[in-house]
Amino acid sequence: MELRSQVLLWKLLLLQSSAVLLSSAGSSVVSESAVSWAAGARAVLRCQSPRMVWTQDRLHDRQRVVHWDLSGGPAGGPARRLVDMYSAGEQRVYEPRDRGRLLLSPSAFHDGNFSLLIRAVGETDGGLYTCNLHHHYCHLYETQAIRLEVTDNPRAASAHWDGEKEVLVVERGAPALLTCVNRAHVWTDWHLEEAQQVVHWDRQPPGVPHDRADRLLDLYASGERRAYGPPFLRDRVAVEADAFARGDFSLRIDQLEPADEGTYSCHLHHHYCGLHERRVFHLKVTEPAPQPPPRDSPGNGSSHSSAPAPDPTLARGRNVINVIVPEGRAHFFQQLGYVLATLLLFILLLITVILATRQRRRGGYEYSDKKSGKSKGKDVNMAEFAVVTGDQAFYRSEDIQLDYKNNILKERAELAHSPLPAKNIDLDKEFRKEYCK
């Protein structure tokens, strides 16, 4: 059983790798053309594909089918169809004797198990069985072969791999399960196929590479639509509403302008089928054809009109306004960087001027303080001396209690500690002394 599981896993990987190769091989540039229209006209870029049609043949539920065939039986002859089943769930058994004896799982297209069950193996059931998976829309075909041998010996029943296919030996009358498992999304998720069909239009202005193209439209088979692109072009482009029903995804541009020149590309994607197609159009806009001058109205028998003919050199041309659209956000951030750098430089210059002014004022104050200190040094010394004398006077005024031997010593001590009495000077008396001299 372990060998059998490894063989089945190897076959499953082989089928998935083949599906990937088929899907990668479908990517290609289908067409590339140059088109030209006059300004003011309606441009139609044709993008058609009959494969990208969801309702193709009205059989979207019958495009996936699995059928089992038998060849090389005891009677020989060509291969014959045994049973088949569509993704909608419809089963069909071809031989009347096999009805109720050959069974397929009703949920095969949901879980990917397309195995065939034979309830009771008979003598005529031996041969080469092939499990065939078909996707008519995607053009996918996958086949898996199994050889069934019938024996009367119960001990001979076995299953092995012969290098190319599985060989299953089953006892007569016993049930046989011919395995065929493929869980690829293309077979199991068929009910979600609408979301896997996408069409989008891109636009490249002149001189812009393909990897920097602007997205114009996104169309989904489910009916969802998204519009992108510059505002001057977004409202003038359109694709028909029934594009997926007809397979026509042509882009219509109304009122063509010179600014609409560029490269337009139509991308068709079917992720389940691996379909990736691209059609490229190089659009060129020319000047509109000049209007013919009006003919002269017939006069009273004269061939010449009294009004002068208009000067063809003064014909009014088409006014074109050139609008420069930035390529992206990088232009905006670049201009913003210039403004911020200029503002930062101005702020740094202002801070430098303020600091220099404050430093200069502080240096002037220090110089004036030093000069005034030198000229008034004596006043400071007298103040300090006054403080010292004040301290001495304070200590002299203290009342020191001492014991004296007699009153004479006590009076002398009090006289020494007491301040000197104020000397009263009589100015009139002094003036008389001086006058008498």
Side-chain angles (χ1 to χ4, degrees), residues 24 27-29 32-37 39-45 47 195-239 243 249-269 271 276-287 317-358:
S24 61
S27 301
S28 61
V29 177
E32 185 171 359
S33 58
V35 292
S36 177
W37 271 278
R42 171 182 291 184
V44 179
L45 307 181
C47 180
Q196 301 296 324
Q197 297 191 33
V198 184
V199 174
H200 61 85
W201 278 89
D202 292 345
R203 175 181 178 269
Q204 303 167 229
V208 176
H210 173 66
D211 56 348
R212 299 186 63 184
D214 298 329
R215 181 64 53 86
L216 291 180
L217 292 173
D218 274 340
L219 310 175
Y220 297 88
S222 58
E224 182 182 358
R225 294 196 172 201
R226 299 176 184 177
Y228 309 93
F232 73 90
L233 184 61
R234 183 185 309 169
D235 299 332
R236 294 186 294 110
V237 297
V239 176
F249 308 96
S250 301
L251 181 70
R252 185 180 70 249
I253 306 176
D254 295 326
Q255 296 296 326
L256 202 61
E257 298 180 359
D260 298 335
E261 283 191 353
T263 301
Y264 294 78
S265 56
C266 174
H267 301 257
L268 307 179
H269 299 280
H271 299 291
H276 302 281
E277 297 180 357
R278 181 161 58 97
R279 293 165 176 81
V280 182
F281 303 90
H282 301 281
L283 177 61
K284 183 178 181 181
V285 182
T286 59
E287 291 294 331
R318 183 179 177 85
N319 296 327
V320 179
I321 301 175
N322 295 327
V323 180
I324 301 176
V325 181
E327 294 183 359
R329 299 181 180 179
H331 180 79
F332 171 76
F333 287 112
Q334 184 180 6
Q335 299 296 331
L336 182 61
Y338 291 155
V339 174
L340 294 178
T342 305
L343 183 60
L344 181 61
L345 182 61
F346 176 75
I347 293 175
L348 292 177
L349 182 61
L350 183 62
I351 293 175
T352 304
V353 172
I354 294 175
L355 293 177
T357 305
R358 295 181 61 183

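Numbers here are sequence positions counted from 1.
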In the structure I gave you, are the side-chain heavy atoms of [X] and [Y] within less than 4.5 Å of one another anywhere?
| X | Y | answer |
| --- | --- | --- |
| I253 | L233 | yes |
| L283 | W37 | yes |
| L45 | F281 | yes |
| T342 | V339 | no |
| T263 | H210 | no |
| V44 | L251 | no |
| R42 | R252 | yes |
| V199 | Y220 | no |

Has the side chain of [X] got a donor or acceptor atom that lies under 3.5 Å from a matching backbone atom of [Y]?
| X | Y | answer |
| --- | --- | --- |
| E277 | L268 | no |
| S250 | C47 | yes |
| W201 | F249 | yes |

Is it true that D202 and R215 have a side-chain N and a carboxylate O under 4.0 angstrom from each other?
yes
Cationic N near anionic O, under 4.0 Å, R236 to D260
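Looking at R236 and D260, the cut-off is met.
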So which heavy atom on P206 is nearest to which on E261, and how close?
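Nearest pair, atom of P206 first, then E261: CD-O, 3.5 Å.
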When rounded to the nearest 0.5 angstrom, what distance separates [atom1] in [X] from [atom2] in [Y]?
| X | Y | atom1 | atom2 | result |
| --- | --- | --- | --- | --- |
| L355 | I351 | CG | CD1 | 7.5 Å |
| L345 | L340 | CG | CG | 12.5 Å |
| D218 | H267 | CG | NE2 | 10.5 Å |
| L348 | L350 | CG | CG | 9.5 Å |

Side chains of H282 and E32, donor plus acceptor under 3.5 Å
yes
Between H269 and H200, does the ring centroid distance fall short of 6.0 Å?
yes
